[in-house]
2 protein chains.
Amino acid sequence: MKLPEAKTQFINNWGAMGTQWGINRTMAQIHALLLVSNTALTQDDIMEQLNISRGNVNMNTRDLVDWGLINRVIIQGERKEHFTAEKDIWKVAAHIIRERKKRELDPMIKLLAQLENIDGDKKEKETRQFLEMIGTIKKLGQKAGKLLDVLVKAEENKFTSAVMKALK
Amino acid sequence: MKLPEAKTQFINNWGAMGTQWGINRTMAQIHALLLVSNTALTQDDIMEQLNISRGNVNMNTRDLVDWGLINRVIIQGERKEHFTAEKDIWKVAAHIIRERKKRELDPMIKLLAQLENIDGDKKEKETRQFLEMIGTIKKLGQKAGKLLDVLVKAEENKFTSAVMKALK
DNA sequence: TTTTATTTTCATTTTTTTTTGAAACTTCTG
DNA sequence: CAGAAGTTTCAAAAAAAAATGAAAATAAAA
């Protein structure tokens, strides 16, 4: 396999993987494209390489910037704005973890805490069972959250060492 | 909030959460419903409680059984088949981790390994950069995989202790 | 075996998500 | 300031995913 084909493969598979994780295909592809590109790319470059519309590029680059996964960069003398991906994969992973935790895990835990406040006879079996289920899920969520915090708070290459510790 | 309302809230939010993670709403809802139900439920029960069609229930229960998250149970004297959820949340988490790793992470790592086999001048900057990127992602994937294995291989309540170790 | 109850399948419909593209808007340049 | 270049927005179209429901298949009962 030649380099360009390998890049395409990577981009497409990254896109497919994305969909399985609730990330839209194009967004994942743009991210992948920028990851394996050595130069900063413009909207037009991305449109051309992935065969997608300007609006699509614009929306998804905006989201990726929001997620902190790519950056707008200004290039001396160039009028158009360019994009680059954060190339440090460990940082990328940390970003994604931090964001998804904040947007999804934390609110879920909050909800579970609310559900623990039902008014009802705690002597009743059904109530007890429900509260136990909710409580256990909340505990699991909190534990997972802490684990993610550790992974993420550790600086750059400490990411590795945090993981390595867990493997001992 | 009363118990039935709390259950409904839980079911709906679990469903919404599911979609964000690439799991279809109904499948997540059925799982949630069975989690907070003290009795085993039939297709008809599920149809009624969630207001969905028979076909839908059938497909999604099948998938949930495949994922190992719910079970078909036989009840003495009853003709219809019943479903129950695995109630041990730590086991549920372990199941999900194991399955998603197997179906998604492992194949991705395999692909990355293939992409490392490009034929091209490894002295060339572009090639080197690509290989480094792929290599780093693969390494991250492998490390994540190992971490997940540890979390999952640990028996039941050891899950907790594995996580706790990582938090030290 | 025939009837009846239950489950499964899958072509079709519905809903949801994503993409397009042209108009509106903004920013730069001469 | 006028025009050109670039970016954003968003209603409408297209595509993808999920749900329906009735017919087919299967399993149990009579």
Side-chain angles (χ1 to χ4, degrees), chain A residues 11-34 40-67 70-84 103-104, chain B residues 11-34 40-67 69-84 100 103-104:
Chain A
I11 291 166
N12 289 335
N13 281 277
W14 205 244
M17 172 96 333
T19 30
Q20 294 191 288
W21 284 87
I23 288 150
N24 96 34
R25 188 195 266 31
T26 306
M27 184 163 143
Q29 284 183 337
I30 294 175
H31 184 221
L33 171 63
L34 288 169
L41 302 182
T42 63
Q43 271 199 351
D44 296 82
D45 294 333
I46 298 171
M47 285 169 64
E48 194 189 334
Q49 299 231 23
L50 301 180
N51 267 291
I52 57 181
S53 72
R54 183 176 304 287
N56 199 357
V57 171
N58 193 76
M59 282 174 150
N60 285 111
T61 46
R62 160 198 284 285
D63 285 350
L64 283 165
V65 169
D66 285 350
W67 277 83
I70 68 173
N71 295 107
R72 291 173 203 281
V73 295
I74 289 151
I75 291 184
Q76 278 303 339
E78 296 261 9
R79 181 90 173 268
K80 296 180 185 171
E81 64 184 7
H82 289 62
F83 296 94
T84 49
R103 300 180 194 198
E104 294 155 22
Chain B
I11 291 167
N12 289 334
N13 281 277
W14 205 245
M17 173 98 330
T19 28
Q20 296 192 289
W21 284 88
I23 288 151
N24 95 35
R25 187 195 272 23
T26 306
M27 182 162 145
Q29 284 182 338
I30 294 176
H31 184 221
L33 171 62
L34 289 169
L41 303 182
T42 63
Q43 271 198 354
D44 295 82
D45 295 332
I46 298 170
M47 283 169 64
E48 196 190 331
Q49 300 232 20
L50 300 181
N51 267 290
I52 57 181
S53 72
R54 168 161 275 107
N56 198 358
V57 171
N58 193 74
M59 282 175 151
N60 284 111
T61 47
R62 161 198 281 287
D63 285 349
L64 283 164
V65 170
D66 285 351
W67 277 83
L69 298 180
I70 68 174
N71 295 108
R72 290 172 205 282
V73 295
I74 289 150
I75 291 184
Q76 279 300 341
E78 296 263 9
R79 181 89 174 267
K80 296 182 184 172
E81 65 184 6
H82 290 61
F83 296 94
T84 47
R100 292 200 82 149
R103 299 181 194 198
E104 294 155 21

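Every value quoted in this text rests on a predicted model; they were computed, and no experiment measured them. Quick note: numbers below take in every heavy atom, side chains included, and nothing from hydrogens, waters or symmetry partners. A note on names: the letters A, B, ... follow the listed sequences, proteins ahead of strands, and every chain is numbered from 1.
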Quiz item: In terms of the nearest nucleotide of DNA chain C, which residue is placed more toward the 5' end: A/S53 or B/T61?
Solution: B/T61
Exercise. May I have the distance from A/I52 (atom CD1) to D/dA13 (atom P), rounded to whole angstrom?
Key: 21 Å
Exercise. Quickly work out the A/L41 CG to D/dG6 C1' distance and round it to whole Å.
Key: 17 Å
Quiz item: Of the candidate nucleotides C/dT20, D/dT7, D/dA19, which contains the atom at the shortest distance from the side chain of B/N60?
Solution: D/dA19
Practice problem: Starting from C1' on D/dA15, measure out to CG on A/N51 and report it in whole angstrom. | Solution: 16 Å
Quiz prompt | Among C/dT4, C/dT20, D/dA19, the nucleotide that comes nearest once only the side chain of B/R79 is considered | solution = C/dT4
Quiz item: Choosing from D/dT8, D/dT20, C/dT19, which nucleotide comes nearest the side chain of A/N56?
Solution: C/dT19
Exercise. Please name the pair of heavy atoms, one in B/F83 and one in B/I46, separated by the smallest distance, quoted to 0.1 Å.
Key: CD1-CD1, 4.3 Å
Quiz item: 5'-most contact on DNA chain D: B/R54 or A/T42, nearest heavy atom basis?
Solution: A/T42
Quiz item: Between C/dT29, C/dT7, D/dT9, which one does the side chain of A/N58 approach most closely?
Solution: D/dT9
Exercise. Evaluate the ring planes of B/W21 and A/W21, with Trp represented by its six-membered ring, and classify them as parallel (under 30°), tilted (30 to 60°) or perpendicular (over 60°).
Key: perpendicular
Practice problem: Would you mind telling me which of D/dT20, C/dT8, D/dA29 lies closest to the side-chain atoms of B/Q43? | Solution: C/dT8
Exercise. Look at the side chain of A/R62 and decide which nucleotide, out of D/dA27, D/dT9, C/dT20, has an atom nearest to it.
Key: D/dT9
Quiz item: When you look at CZ of B/R62, are more than 12 heavy atoms from neighbouring residues, nucleotides or ligands closer to it than 6.0 Å?
Solution: no
Practice problem: Could you check how far CD of B/E81 sits from P of D/dT26, rounded to whole Å? | Solution: 15 Å
Exercise. Using atom CD1 of A/I74 as one end and atom P of D/dG6 as the other, report the distance to the nearest whole Å.
Key: 15 Å
Quiz item: Judged by atom type as modelled, is there a donor-acceptor pair below 3.5 Å linking the side chain of A/N58 to the main-chain atoms of A/G55?
Solution: no
Exercise. Strictly below 4.0 Å, heavy-atom distances to any atom of DNA chain C: list the hits from residues 15-27 of chain A, or just say none.
Key: A/N24, A/T26
Self-check item: Of the listed nucleotides C/dT19, C/dT8, C/dT6, the one nearest the side chain of B/K80
Solution: C/dT6
